[in-house]
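As the structure is a prediction and not an experimental result, all values here were calculated from the model.
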Amino acid sequence: MTKEDPSIQESLLQLSIQLGHPLDQSSVEQLYQSARDLLTHISPTPVTLARVAGTLLVYHIQDPEGDELKWFKAQIEQCSDEEEVEESIESLHRTDAL
């Protein structure tokens, strides 16, 4: 597992401000730790850890208790490697054409 990365936490803090929902340091640390916890079964790069943490931030801002957050966490926990994690995050940004 990667070591704690204060730059990821600082980025989360800045992103929350840019999104108009500034978080306190404790909330940022909780999001960061949640991302680390979701990835304990693989050895992610800092970029993947940051992407998971950023996605958690967006879900946290939108609806912290929503089903989408639970679904996302379940998806990440089922990923067998970093590539699958990246694919799961990428799939969130795709829109299906009907």
Side-chain angles (χ1 to χ4, degrees):
M1 192 68 200
T2 58
K3 294 181 180 177
E4 195 161 319
D5 189 340
S7 66
I8 293 174
Q9 291 183 42
E10 180 60 29
S11 294
L12 287 172
L13 186 61
Q14 293 303 317
L15 185 57
S16 73
I17 292 167
Q18 290 173 8
L19 293 172
H21 293 86
L23 298 177
D24 59 29
Q25 189 61 37
S26 174
S27 296
V28 168
E29 289 171 9
Q30 287 176 344
L31 283 171
Y32 177 79
Q33 189 58 49
S34 292
R36 284 179 53 113
D37 291 347
L38 286 173
L39 297 170
T40 57
H41 62 290
I42 63 172
S43 295
T45 62
V47 170
T48 298
L49 177 58
R51 291 188 75 200
V52 170
T55 303
L56 290 175
L57 171 65
V58 171
Y59 280 127
H60 176 78
I61 288 171
Q62 290 178 346
D63 183 11
E65 301 301 320
D67 289 335
E68 289 180 21
L69 176 61
K70 292 174 188 159
W71 175 85
F72 175 72
K73 287 181 175 183
Q75 292 298 308
I76 298 303
E77 289 172 337
Q78 292 174 13
C79 294
S80 62
D81 58 28
E82 187 174 45
E83 184 176 333
E84 283 187 25
V85 171
E86 292 291 337
E87 288 173 4
S88 290
I89 293 170
E90 286 297 320
S91 72
L92 297 173
H93 304 293
R94 292 187 201 129
T95 55
D96 295 330
L98 296 177

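- By the 4.0 Å N-to-carboxylate-O rule, E29 lies too far from R36 to be salt-bridged with it.
- Going from atom CG of L56 over to atom CG of L31 covers 6.0 Å, rounded to the nearest 0.5 Å.
- Minimum interatomic distance between C79 and I42 (heavy atoms only, all atoms of both residues): O-CG2, 4.3 Å.
- Note that CG of L69 is 10.5 Å distant from OG1 of T55, once rounded to the nearest 0.5 Å.
- Linking ILVMFWY residues whenever their side-chain heavy atoms come closer than 4.5 Å, directly or via other members, places L92 and I61 in the same cluster.
- Using modelled atom types and a 3.5 Å distance limit, the side chains of S88 and Q75 yield no donor-acceptor pair.
- Y59 OH to D67 CG: the interatomic distance, rounded to the nearest 0.5 Å, is 11.0 Å.
- The distance from atom CG of L38 to atom CD of Q33, rounded to the nearest 0.5 Å, is 10.0 Å.
- With values rounded to the nearest 0.5 angstrom, S43 atom OG is found 11.0 Å from D81 atom CG.
- Within 6.0 Å of CD on E77 lie more than 12 heavy atoms contributed by other residues, nucleotides or ligands.
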Pair up each side-chain donor or acceptor in residues 11-27 with any protein partner under 3.5 Å, not counting sequence neighbours, and list the distances.
unit_1, atom_1, unit_2, atom_2, d
S11, OG, S7, O, 2.9
Q14, NE2, E10, OE2, 2.8
S16, OG, L13, O, 2.7
S16, OG, L23, N, 3.1
H21, ND1, L19, O, 3.2
D24, OD1, S26, N, 3.3
D24, OD1, S27, N, 2.7
D24, OD1, S27, OG, 2.9
Q25, NE2, Q9, OE1, 3.4

request  = Show the numbers, then the answer: is there a side chain to side chain contact (heavy atoms under 4.5 Å, CB included) between T48 and R51?
outcome  = CA-CA 5 Å; T48 298; R51 291 188 75 200; 5.6 Å; no
Y32 and L49: CA distance, side-chain angles, deciding distance, side chain to side chain contact (heavy atoms under 4.5 Å, CB included) verdict = CA-CA 8 Å; Y32 177 79; L49 177 58; 3.8 Å; yes
Stepwise salt bridge (Lys or Arg N to Asp or Glu O under 4.0 Å) test for E68 and K73 = CA-CA 9 Å; E68 289 180 21; K73 287 181 175 183; over 6 Å; no
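- Nearest heavy atom pair, residue D37 against residue T40, reads O-OG1, 3.2 Å.
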